[in-house]
Participant: 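Structure provided below as structure tokens; questions to follow.
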Amino acid sequence: MKLILLALSLLLTVWTGAALGVDASICNPGGTVIYYPNGELKSCPLKDITLLSGVRCNMYAEAEFYELGTLKSCISRDFFNYEGLTCNEYSTISFYVSGKLQGCVLATRVEVDGKVCVELQPIELFENGRLKACSAPH
């Protein structure tokens with residue numbers, strides 16, 4: 001019986017979480033708010049510094065979301081660490097729908113897949129985490 005109740009509560013939690021999108025209350029009043037045809041939030045400028053998918057996104061900057069409510073991109077307020085990479089503060093960070101990092105501006109020099117990528121330049125990753133592109137040192 002306990003197992004059934006546990007399974008039902010877990011199912012209800014997962015189902016409810018998947019059904020909930022991003023609430024437009026995070027948007028700056030008076031800013032342009034764009035919705036998907038199904039009514040889910042697509043993009044808006046943020047009214048406060050807001051923690052989204054582990055990123056502290058900067059206030060008044062545009063945040064974009066996928067239709068299921070996951071973060072697509074925002075301007076970071078702080079440095080963001082992701083699997084050995086440090087993304088720079090006050091720069092665009094983008095994610096795949098899966099939540100994997102798509103790209104950012106590097107805060108530090110790093111070696112990825114045998115290639116050195118320089119700081120303060122963009123890096124792009126494939127969804128599997130492999131290097132797609134970055135700037136090498138001169």
Side-chain angles (χ1 to χ4, degrees):
M1 185 66 175
K2 282 185 180 180
L3 186 58
I4 292 171
L5 288 174
L6 180 64
L8 284 174
S9 65
L10 180 62
L11 181 62
L12 182 59
T13 302
V14 170
W15 179 77
T16 303
L20 297 176
V22 179
D23 189 330
S25 67
I26 66 172
C27 300
N28 190 25
T32 301
V33 179
I34 300 172
Y35 294 94
Y36 285 101
N38 69 358
E40 294 296 327
L41 182 63
K42 184 174 185 178
S43 67
C44 72
L46 299 172
K47 71 176 177 181
D48 294 310
I49 296 169
T50 307
L51 185 64
L52 299 167
S53 300
V55 179
R56 287 190 54 186
C57 298
N58 208 9
M59 62 192 317
Y60 307 126
E62 189 83 8
E64 291 183 278
F65 304 93
Y66 288 104
E67 204 162 355
L68 294 176
T70 57
L71 181 64
K72 184 174 185 178
S73 68
C74 76
I75 305 294
S76 65
R77 168 77 170 138
D78 300 316
F79 295 101
F80 176 71
N81 294 306
Y82 182 89
E83 297 182 5
L85 301 176
T86 302
C87 298
N88 209 12
E89 58 187 347
Y90 303 108
S91 63
T92 301
I93 295 180
S94 59
F95 295 91
Y96 290 101
V97 70
S98 65
K100 301 275 188 179
L101 183 68
Q102 183 175 17
C104 71
V105 174
L106 290 172
T108 58
R109 185 176 293 224
V110 67
E111 185 174 324
V112 180
D113 294 339
K115 181 177 179 182
V116 175
C117 302
V118 296
E119 64 277 6
L120 305 179
Q121 294 298 314
I123 186 169
E124 291 181 66
L125 303 173
F126 290 105
E127 195 165 4
N128 66 5
R130 302 286 304 204
L131 181 65
K132 186 174 188 179
C134 75
S135 295
H138 297 295

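Keep in mind that what you see is a predicted model, and the values were worked out from it rather than measured.
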Participant: What closest approach, in Å, do Ala107 and Glu119 show between heavy atoms, and which atom pair accounts for it?
Facilitator: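 Minimum heavy-atom contact is O-CB, 3.5 Å.
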
Participant: Which heavy atom of Met59 sits nearest a heavy atom of Asp48, and at what distance?
Facilitator: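 Heavy atoms of Met59 and Asp48 come nearest at CB-C, 3.5 Å.
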
Participant: Do Leu46 and Ile75 sit in the same hydrophobic cluster, where Ile, Leu, Val, Met, Phe, Trp and Tyr count as joined when their side-chain heavy atoms come under 4.5 Å apart?
Facilitator: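 Cluster IDs for Leu46 and Ile75 differ.
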
Participant: For Glu83 and Leu101, run side chain to side chain contact (heavy atoms under 4.5 Å, CB included): C-alpha distance rounded to whole Å, both residues' side-chain angles, the deciding distance at 0.1 Å, then the answer.
Facilitator: CA-CA 9 Å; Glu83 297 182 5; Leu101 183 68; over 6 Å; no

Participant: Tell me whether Tyr60 is reachable from Leu71 by hopping between hydrophobic residues (I, L, V, M, F, W, Y) whose side-chain heavy atoms are closer than 4.5 Å.
Facilitator: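 No: no chain of side-chain contacts under 4.5 Å links Leu71 to Tyr60.
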
Participant: Between the main-chain N or O of Ser25 and the side-chain N or O of Lys47, is there a donor-acceptor pair closer than 3.5 Å?
Facilitator: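 Answer holds: yes.
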
Participant: So which atom in Glu62 and which in Pro45 form the shortest heavy-atom distance, rounded to 0.1 Å?
Facilitator: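 Scanning both residues completely, I find the closest heavy atoms to be OE1-N, 3.8 Å.
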
Participant: Answer yes if Ile26 and Val55 sit in the same cluster of Ile, Leu, Val, Met, Phe, Trp and Tyr residues linked by side chain heavy atoms under 4.5 Å apart, and no otherwise.
Facilitator: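 As far as the 4.5 Å side-chain criterion goes, Val55 and Ile26 are connected within one cluster.
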
Participant: Atom NZ in Lys132, atom CG in Leu125: separation rounded to 0.5 Å?
Facilitator: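 Answer rounded to 0.5 Å: 9.5 Å.
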
Participant: Using every non-hydrogen atom in the two residues, find where Tyr35 and Ala24 come nearest and quote the distance to one decimal.
Facilitator: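 What the structure gives for the nearest pair is OH-CB, 3.4 Å.
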
Participant: Measuring only between side-chain heavy atoms, which start at C-beta, is Cys104 closer than 4.5 Å to Ile123?
Facilitator: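 A side-chain contact under 4.5 Å exists here.
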
Participant: Crowded around Tyr36 OH? As in, over 12 foreign heavy atoms under 6.0 Å?
Facilitator: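 Atom OH in Tyr36 is crowded, with more than 12 foreign heavy atoms closer than 6.0 Å.
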
Participant: Taking the side chain as every heavy atom from C-beta outward, state whether Leu131 and Lys115 have any pair of such atoms under 4.5 Å apart.
Facilitator: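 Leu131 reaches Lys115 side chain to side chain.
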
Participant: Can you tell if the side chain of Cys74 reaches within under 4.5 Å of the side chain of Thr50, non-hydrogen atoms only?
Facilitator: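 No. Closest side-chain heavy atoms not under 4.5 Å.
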
Participant: Taking side chain as C-beta onward, heavy atoms only, is Asn88 less than 4.5 Å from Phe79?
Facilitator: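 Result yes, sub-4.5 Å side-chain heavy-atom pair found.
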
Participant: Please find the pair of heavy atoms, one from Thr92 and one from Ser73, that lie closest to each other, and give the distance.
Facilitator: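 Here Thr92 and Ser73 meet closest at CG2-CB, 4.4 Å.
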
Participant: Measure the spacing between CZ of Arg109 and OG1 of Thr86 and express it to the nearest 0.5 Å.
Facilitator: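 Going from the CZ atom of Arg109 to the OG1 atom of Thr86 covers 14.0 Å.
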
Participant: Say you draw a straight line from CZ of Phe95 to CZ of Phe65; how long is it, rounded to the nearest 0.5 Å?
Facilitator: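 Output value for this atom pair is 11.5 Å.
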
Participant: Roughly how far, to the nearest 0.5 Å, is OH of Tyr66 from CG of Leu41?
Facilitator: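 Separation between the atoms: 14.5 Å.
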
Participant: Would you give the length of the straight line joining atom CZ of Arg77 to atom CD of Glu89, rounded to the nearest 0.5 angstrom?
Facilitator: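 Reported to 0.5 Å precision, the distance equals 8.0 Å.
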
Participant: Tell me, do Cys134 and Val110 make a side-chain contact under 4.5 Å, heavy atoms counted?
Facilitator: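 When only atoms from C-beta onward are counted, Val110 and Cys134 do not touch, as no gap falls below 4.5 Å.
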
Participant: Side-chain contact, heavy-atom cut-off 4.5 Å: Cys117 with Leu85?
Facilitator: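 Heavy-atom side-chain distance check fails, nothing below 4.5 Å.
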
Participant: What are the two closest heavy atoms between Phe80 and Ile93, and how far apart are they?
Facilitator: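 For Phe80 versus Ile93, the nearest heavy atoms are CB-CD1, 3.6 Å.
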
Participant: Compare all side-chain heavy atoms of Leu120 with those of Leu106 and state whether any distance is below 4.5 angstrom.
Facilitator: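 No; the side chains remain at least 4.5 Å from each other.
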
Participant: Nearest 0.5 Å, what's the SG-CG distance between Cys87 and Asn81?
Facilitator: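 If we round to the nearest 0.5 Å, Cys87:SG and Asn81:CG are 8.0 Å apart.
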
Participant: Side chains of Arg56 and Leu51: does their closest heavy-atom pair fall under 4.5 Å?
Facilitator: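 Heavy-atom side-chain distance check passes, below 4.5 Å.
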
